[in-house]
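See below for the structure under consideration.
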Amino acid sequence: EKAPIAKAWGFRLRFEPDAAIVELPYNPDLDQAHKGIHGGIYGVLADTAGWFCSARSRPAGTWPLTAELHTHYFRAAAKSTLRATATILHASKRQDVIRVDLTDDKGRSCAHII
């Protein structure tokens, strides 16, 4: 069963061998006042992709938690699907460090989140 936010916002999840990818279809209700997608949405999308990336590498029955997010914004996405691609930079017994690259539907980099 999907998390309520994933269901409400229409997240689409898929996996590649080394990545978890979460896509968010464009929704004008998530724009900020200047017509670009609100930066907070970037964080929600990155956190979701990062969680799935970490969870798939962990033993069954464990539940990863987000300790922190550092976001570097490069461009505002406007009227675009957002794609968060999460990969593991470092994995240890107690913690994973995940990199998330956020791109628009033209493949342009919008943000980098660790």
Side-chain angles (χ1 to χ4, degrees):
E1 187 173 321
K2 286 186 176 183
I5 192 168
K7 185 177 179 181
W9 287 7
F11 289 171
R12 295 185 302 245
L13 170 67
R14 65 183 169 89
F15 293 101
E16 291 185 354
D18 296 336
I21 300 167
V22 177
E23 292 183 334
L24 173 63
Y26 175 65
N27 178 344
D29 292 334
L30 302 178
D31 284 351
Q32 42 94 342
H34 298 287
K35 304 297 182 197
I37 298 169
H38 191 283
I41 303 306
Y42 287 25
V44 172
L45 190 59
D47 187 42
T48 302
W51 187 90
F52 280 105
C53 184
S54 179
R56 77 186 287 212
S57 71
R58 294 288 166 176
T62 60
W63 193 265
L65 299 173
T66 302
E68 59 186 332
L69 289 173
H70 296 276
T71 304
H72 300 270
Y73 296 97
F74 303 135
R75 76 172 61 244
K79 297 182 181 178
S80 175
T81 293
L82 287 177
R83 178 178 296 111
T85 303
T87 55
I88 295 177
L89 286 178
H90 172 77
S92 67
K93 184 177 180 181
R94 297 183 50 85
Q95 181 178 10
D96 293 334
V97 178
I98 308 295
R99 172 187 171 139
V100 182
D101 293 305
L102 197 66
T103 56
D104 64 14
D105 58 10
K106 294 180 179 148
R108 296 179 297 189
S109 185
C110 297
H112 168 85
I113 300 99
I114 293 186

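Taking both residues in full, the closest heavy atoms of P25 and G10 are given as CD-O, 3.3 Å, listed atom of the first, atom of the second, then distance. Minimum heavy-atom separation, V100 to A46: CG2-O, 3.7 Å. Closest approach of R94 to R58, counting heavy atoms only: C-NH2, 4.2 Å. Annotation for P64 and W51: closest pair O-NE1, 2.9 Å, computed over non-hydrogen atoms.
When side chains are defined from C-beta on, V22 does not count as touching R12, because their heavy atoms never get closer than 4.5 Å. By the 4.5 Å heavy-atom criterion applied to side chains, I21 and F15 are not counted as neighbours. At least one side-chain heavy atom of L82 sits less than 4.5 Å from a side-chain heavy atom of I37.
Residues L65 and L89 are members of separate hydrophobic clusters, defined by side-chain heavy-atom contacts under 4.5 angstrom among Ile, Leu, Val, Met, Phe, Trp and Tyr. Residues I114 and Y73 do not share a hydrophobic cluster, defined by chaining ILVMFWY side chains whose heavy atoms lie under 4.5 Å apart.
L69 CG to Y42 OH: the interatomic distance, rounded to the nearest 0.5 Å, is 15.0 Å. Distance check: L30 CG to I41 CD1 gives 4.5 Å after rounding to the nearest 0.5 Å. Distance SG/C110 to CG/D104: 4.5 Å, rounded to 0.5 Å. Rounded to the nearest 0.5 angstrom, I5 CD1 and T48 OG1 are separated by 6.5 Å. The OG1 atom of T87 sits 10.5 Å away from the CD atom of E16 when rounded to the nearest 0.5 Å. Atom CD of E23 and atom OG1 of T81 lie 6.5 Å apart (nearest 0.5 Å).
In this structure a side-chain-to-backbone donor-acceptor pair under 3.5 Å is missing from T103 to R108. H38 contributes a side-chain N or O that, together with a main-chain N or O of G40, makes up a donor-acceptor pair within less than 3.5 Å. A donor-acceptor pair under 3.5 Å links the side-chain atoms of Q32 to the main chain of H34, judged by distance alone.
A donor-acceptor pair shorter than 3.5 Å can be found between the side chains of D96 and S54. A side-chain N or O of D31 and one of Y26 form a donor-acceptor pair less than 3.5 Å apart. T85 and D101 share no side-chain donor-acceptor pair at under 3.5 Å. Judged by distance alone, the side chains of T66 and D47 do bring a donor and an acceptor atom under 3.5 Å apart.
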**Message:** Assess the residue pair S109 and L102 against the criterion (side chain to side chain contact (heavy atoms under 4.5 Å, CB included)); give the C-alpha distance rounded to whole Å, side-chain angles, the decisive distance to 0.1 Å, and a yes or no.
**Reply:** CA-CA 6 Å; S109 185; L102 197 66; over 6 Å; no
**Request:** Could you go through the side chain to side chain contact (heavy atoms under 4.5 Å, CB included) check for V44 and W9 one step at a time?
**Result:** CA-CA 11 Å; V44 172; W9 287 7; 3.7 Å; yes
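Ring geometry, H112 versus H72: the interplanar angle falls from 30° to 60°, so the pair is classed tilted.
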